[in-house]
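Reading through the structure tokens given below for one structure.
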Number of protein chains: 4
Amino acid sequence: MLLNIDPKSVTPLYEQVIQQIKELCARGVLSPNEKLPSVRELSAQMLINPNTVSKAYRELERQGVIVSIHGRGTFISEDFISEQTPAQREKIKNELKQLVIDSYYAGVQKETLFSWLEDFYEEIGGEDDES
Amino acid sequence: MLLNIDPKSVTPLYEQVIQQIKELCARGVLSPNEKLPSVRELSAQMLINPNTVSKAYRELERQGVIVSIHGRGTFISEDFISEQTPAQREKIKNELKQLVIDSYYAGVQKETLFSWLEDFYEEIGGEDDES
Amino acid sequence: MLLNIDPKSVTPLYEQVIQQIKELCARGVLSPNEKLPSVRELSAQMLINPNTVSKAYRELERQGVIVSIHGRGTFISEDFISEQTPAQREKIKNELKQLVIDSYYAGVQKETLFSWLEDFYEEIGGEDDES
Amino acid sequence: MLLNIDPKSVTPLYEQVIQQIKELCARGVLSPNEKLPSVRELSAQMLINPNTVSKAYRELERQGVIVSIHGRGTFISEDFISEQTPAQREKIKNELKQLVIDSYYAGVQKETLFSWLEDFYEEIGGEDDES
DNA sequence: GTGGTCTAGACCACG
DNA sequence: GTGGTCTAGACCACC
């Protein structure tokens with residue numbers, strides 16, 4: 001498993017790991033019940049500290065994306081769609097609003113934003129009906 | 001000028017100030033050349049540290065949203081559309097991708113996202129076709 | 001003998017085995033002098049590592065719940081009420097205190113807790129007055 | 001603020017910190033909006049590592065018991081009763097069942113358990129109607 | 001072998 | 001000053 005980690009980015013390393021694993025799951029590259037590399041393994045591959053990987057895995061487990069079994073390893077969860085919380089909706093809505101404003105200032109057109117959205121959904125699309 | 005500041009939020013206070021002023025500009029509530037409250041005025045109103053407001057104003061000026069004229073005060077810029085940087089585009093694109101993935105996990109439908117987007121652009125108005 | 005083992009639980013597998021066997025004894029499903037399945041039998045049934053079952057049996061024997069007779073097998077003890085240690089009392093008292101606090105935060109009412117307690121003692125039956 | 005931390009206990013240090021702060025809140029010793037010692041302060045007092053305190057604080061915040069404000073400090077939350085989750089109820093119920101079984105083996109009488117329960121609720125009791 | 005916990009000490013962002 | 005992040009390296013419980 002290869003992740004693109006940028007130590008110079010402002011986003012924390014563990015956050016980058018979380019995001020990329022979630023992306024790989026959403027795109028179907030990682031399948032339910034698949035085994036993830038161990039904390040030590042991944043940390044060695046990514047050249048980051050085991051604690052950082054561990055923190056990422058812990059948070060992913062809290063979100064229900066993966067399951068850690070002590071002494072066995074870490075696995076992709078079977079059912080990773082969480083129940084919809086109003087707070088989560090609000091959070092996403094706010095982030096989207098901020099994104100629109102930032103796009104406005106960066107000169108990114110409305111149409112561009114919509115086409116990007118379509119692209120991303122195409123990458124994910126229809127993966128949830130195979131088991 | 002009234003801003004909604006939440007000290008308990010994870011977003012830094014100065015970031016909240018920046019976002020909200022940019023939003024007020026984008027929605028046309030604040031017009032070009034309009035005078036903003038002084039740093040100490042705004043900090044008194046919002047019950048936050050003057051340093052925090054100062055930092056927000058500094059960043060807004062750096063982005064070209066506002067201009068400070070020494071001894072006169074702070075004003076909304078006339079031309080607040082910055083030139084489009086590839087890096088900015090990339091940044092927005094990445095944030096959008098992450099938003100799609102988070103929506104996926106939060107159970108927010110594609111259609112919901114699109115309708116929210118439409119709503120936000122409606123609030124701003126057809127101002128993205130003037131330069 | 002059927003146990004409900006969940007490999008994904010945070011409670012260690014051997015702990016789950018211990019708890020469930022103790023429960024079966026307390027509820028009278030397993031009677032004194034009854035023969036338990038062998039380590040390899042149980043591990044095969046439960047799809048877990050023999051070492052795990054072995055560790056559970058060892059701990060159960062240490063607690064006096066079961067007895068292993070070399071070459072014959074493992075049996076439920078006749079007299080499984082241990083003498084009361086102050087340390088044990090303290091431990092249970094502390095766990096109960098923590099349970100009350102957790103209930104408080106989880107919104108579980110005092111009355112609910114009491115009724116659950118009654119239920120559990122009913123399942124065990126009035127066996128706490130024989131020694 | 002004084003906590004009783006036992007480095008030799010099997011319960012992790014951060015878990016002990018969590019439990020004791022929750023207890024102090026439930027008993028009304030710590031009031032809403034009260035400021036907690038800083039991570040460094042508490043770690044110095046308790047002779048444990050700042051990271052350990054930090055981990056405890058982070059978990060307490062996730063549970064909604066406290067609120068950390070970056071650069072300001074950590075405070076007791078105003079409304080610390082979470083909504084009741086079926087999973088939480090189930091968890092507490094199971095722990096209670098296990099406690100009953102352990103009491104049975106430790107020779108702790110049903111009446112003793114009930115009287116302890118009453119005691120603990122008396123310590124907490126009636127604290128939630130003052131504001 | 002696995003993940004979980006803890007320590008020591010560092011740097012950064014925030015107010 | 002605050003909390004958040006990261007690294008280095010250690011020990012333990014579990015399987």
Side-chain angles (χ1 to χ4, degrees), chain A residues 5 7 9-17 35-43 46-61 66-75, chain B residues 5 7 9-17 43 46-56, chain C residues 5 7 9-17 43 46-56 59, chain D residues 5 7-17 35-43 46-61 66-75:
Chain A
I5 298 297
S9 163
V10 283
T11 31
L13 293 179
Y14 81 94
E15 192 68 36
Q16 295 182 43
V17 174
K35 190 173 185 302
L36 288 170
S38 78
V39 170
R40 287 163 177 78
E41 237 179 308
L42 189 56
S43 70
M46 299 292 106
L47 302 174
I48 57 180
N49 192 282
N51 282 333
T52 306
V53 176
S54 183
K55 184 172 186 180
Y57 275 15
R58 218 181 312 136
E59 174 62 15
L60 282 167
E61 181 167 27
I66 65 176
V67 187
S68 285
I69 303 180
H70 203 121
R72 296 270 320 276
T74 307
F75 306 85
Chain B
I5 300 296
S9 164
V10 282
T11 4
L13 291 180
Y14 82 93
E15 190 70 32
Q16 294 183 46
V17 174
S43 68
M46 298 293 104
L47 302 173
I48 56 181
N49 195 298
N51 287 332
T52 308
V53 178
S54 179
K55 183 169 185 179
Chain C
I5 300 295
S9 164
V10 283
T11 1
L13 290 180
Y14 82 92
E15 190 69 33
Q16 294 183 46
V17 174
S43 68
M46 299 291 106
L47 301 173
I48 56 181
N49 195 299
N51 286 332
T52 307
V53 177
S54 179
K55 182 169 185 180
E59 174 62 15
Chain D
I5 299 297
K8 292 173 183 168
S9 164
V10 283
T11 32
L13 293 180
Y14 82 93
E15 203 35 75
Q16 295 182 44
V17 174
K35 190 175 185 303
L36 288 171
S38 77
V39 171
R40 287 164 178 76
E41 239 179 306
L42 190 55
S43 70
M46 299 293 104
L47 302 174
I48 57 180
N49 191 282
N51 282 334
T52 307
V53 177
S54 182
K55 183 171 185 180
Y57 276 15
R58 217 181 313 136
E59 174 61 14
L60 282 168
E61 182 167 24
I66 65 177
V67 187
S68 286
I69 303 181
H70 202 121
R72 296 270 321 274
T74 306
F75 306 84

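In what follows, chains are A, B, ... by sequence order, proteins preceding strands, each numbered from 1.
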Below 4.0 Å: OP1/OP2 of [N] and any side-chain N or O of [X]:
| X | N | answer |
| --- | --- | --- |
| A/S38 | E/dT2 | yes |
| A/T52 | F/dT5 | no |
| C/K55 | F/dC15 | no |
| D/Y14 | E/dT5 | yes |

Problem set entry | Most 5' of A/G71 and B/E15 on DNA chain E, judged by nearest nucleotide |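 The residue whose closest nucleotide sits nearer the 5' end is A/G71.
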
Distance, rounded to the nearest Å, where [X] contributes [atom1] and [N] contributes [atom2]:
| X | N | atom1 | atom2 | answer |
| --- | --- | --- | --- | --- |
| D/I5 | E/dT7 | CD1 | P | 10 Å |
| A/L13 | E/dA13 | CG | P | 14 Å |
| D/L36 | F/dG1 | CG | P | 19 Å |
| D/H70 | E/dC14 | NE2 | P | 7 Å |
| D/I66 | F/dT2 | CD1 | P | 15 Å |
| A/L47 | F/dT7 | CG | P | 10 Å |
| D/N49 | F/dA8 | CG | C1' | 13 Å |
| A/R40 | F/dT7 | CZ | P | 16 Å |

Problem set entry | Base E/dG9 paired with D/N51 side chain (donor-acceptor, <3.5 Å) |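 Pair found.
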
Atom pair [atom1]/[atom2] of [X] and [Y] - distance to nearest 0.5 Å:
| X | Y | atom1 | atom2 | value |
| --- | --- | --- | --- | --- |
| A/M46 | A/Q16 | CE | CD | 11.0 Å |
| A/R40 | A/S54 | CZ | OG | 9.5 Å |
| A/I69 | C/L13 | CD1 | CG | 8.5 Å |

Exercise. Which is true for D/R58 with a 4.0 Å heavy-atom rule: it touches a base, it touches only sugar-phosphate, or it touches nothing?
Worked result: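 The residue D/R58 makes no contact with any strand.
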
For this session: Indicate, with a heavy-atom threshold strictly under 4.0 Å, whether C/I48 touches base, sugar-phosphate, or nothing.
Result: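 Counting heavy atoms under 4.0 Å across all strands, no contact is made by C/I48.
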
Exercise. What pair of heavy atoms forms the shortest contact from D/Y57 to D/T74, and how long is it?
Worked result: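 Closest heavy-atom pair between D/Y57 and D/T74: CD2-OG1, 3.7 Å.
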
Problem set entry | Exercise: identify the closest heavy-atom pair between B/Y14 and B/T52 |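 Nearest pair, atom of B/Y14 first, then B/T52: N-CG2, 3.5 Å.
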
Exercise. Does F/dC14 have a Watson-Crick or wobble mate here (both distances under 3.5 Å), and if so which one?
Worked result: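 For F/dC14, the partner nucleotide comes out as E/dG1, under the 3.5 Å rule.
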
